[in-house]
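Here is the naming used below: chain letters follow the sequence lines, and residue numbers restart at 1 for every chain. Owing to the predicted nature of the structure, the values given are computational and were not obtained by experimental measurement.
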Amino acid sequence: AQSVSQHNHHVILSEAASLELGCNYSYGGTVNLFWYVQYPGQHLQLLLKYFSGDPLVKGIKGFEAEFIKSKFSFNLRKPSVQWSDTAEYFCAVKEFNKFYFGSGTKLNVKP
Amino acid sequence: SQTIHQWPATLVQPVGSPLSLECTVEGTSNPNLYWYRQAAGRGLQLLFYSVGIGQISSEVPQNLSASRPQDRQFILSSKKLLLSDSGFYLCAWSETLAGAYNEQFFGPGTRLTVL
């Protein structure tokens, strides 16, 4: 089974700072990659996904992620964060019918 | 459009009591269905998934069981709750066909407290 690592458990940034959250999965093969976000008191929702093609994928709210196959990584980025980005972010890997999630990164953006 | 419902939203149960959490999906047919437990700082742990009626795969040995009596209904159960069963339980669904739209969609969750 896949193992997904998110190295940053808690990140604190000021508004307008740049964001990069790391995500690594344990082995290759045919995988689909996702980032989900959970805003306080809300459902988990999809930020972006990668299935094939261009390894740089763009999602909602200005987020993007880059798939680097050789590093088994799928890092999430945003050039300039806003206070409304305060949330918990989860990386996930889909293999066959199963989804494997990382432990999550709590992002706190100070106004 | 598709929607996913979970109930109850919160539940407080004594140790040793039974449990039944329900999840239903509307607006799709033959979805894959999933139960997760979300613990603070530990992400989402996959408990069960189902690719069809009566087909349940268990991911971790535990005090819980799952059933899928109807195509769009997924139930999480326990005969006797333990303190360690406390947590936030999420139901999710995804399309069964391979393709670009098979991400997961999550329900609102059930907060279970076992006392």
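When the candidates A/Val4, A/Leu44, A/Thr105 are compared by the number of heavy-atom contacts under 4.5 Å with chain B, A/Leu44 comes out ahead. Of the listed residues (B/Ser94, B/Gly107, B/Ala39), the one with the most heavy-atom contacts under 4.5 Å to chain A is B/Gly107.
Cluster annotation: A/Leu47 and A/Phe51 are assigned to distinct hydrophobic clusters (Ile/Leu/Val/Met/Phe/Trp/Tyr, side-chain heavy-atom contacts under 4.5 Å, transitive). Cluster membership check: A/Tyr89 shares its hydrophobic cluster with A/Tyr25, using side-chain heavy-atom separations under 4.5 Å among Ile, Leu, Val, Met, Phe, Trp and Tyr. By the rule that hydrophobic residues join a cluster once side-chain heavy atoms approach within less than 4.5 Å of another member, A/Ile60 and A/Trp35 end up as members of one cluster. In this structure, B/Tyr36 is not a member of the same hydrophobic cluster as A/Val93, with clusters built from ILVMFWY side-chain heavy atoms closer than 4.5 Å. Residues A/Tyr39 and A/Leu76 are members of one and the same hydrophobic cluster, defined by side-chain heavy-atom contacts under 4.5 angstrom among Ile, Leu, Val, Met, Phe, Trp and Tyr.
The two residues A/His43 and B/Pro108 have their closest heavy-atom pair at NE2-CB, 3.3 Å.
Atoms CG and CZ, on B/Leu44 and A/Phe90 in that order, are 5.5 Å from each other to the nearest 0.5 Å. Of the inter-residue distances, the one linking A/Gln45 atom CD with B/Phe105 atom CZ reads 11.5 Å to the nearest 0.5 angstrom. Here CD of B/Glu103 is found 13.5 Å from CG of A/Leu33. Values are rounded to the nearest 0.5 Å. The distance from atom OH of A/Tyr100 to atom CD of B/Glu59, rounded to the nearest 0.5 Å, is 5.5 Å. Here the straight-line distance linking atom NZ of A/Lys94 with atom CG of B/Asn32 works out to 7.5 Å at 0.5 Å rounding.
A 6.0 Å sphere centred on CH2 of B/Trp7 holds more than 12 heavy atoms belonging to other residues, nucleotides or ligands.
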Pair A/Tyr36-B/Phe106, ring pair (Phe, Tyr, Trp, His ring centres under 6.0 Å): steps then yes or no: CA-CA 10 Å; A/Tyr36 282 84; B/Phe106 286 86; 5.5 Å; yes
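Heavy atoms closer than 4.5 Å to chain B are found in both the backbone and the side chain of A/Phe99. For A/Leu46, the part lying near chain B is the side chain, with the backbone staying farther off; criterion is any non-hydrogen pair under 4.5 Å.
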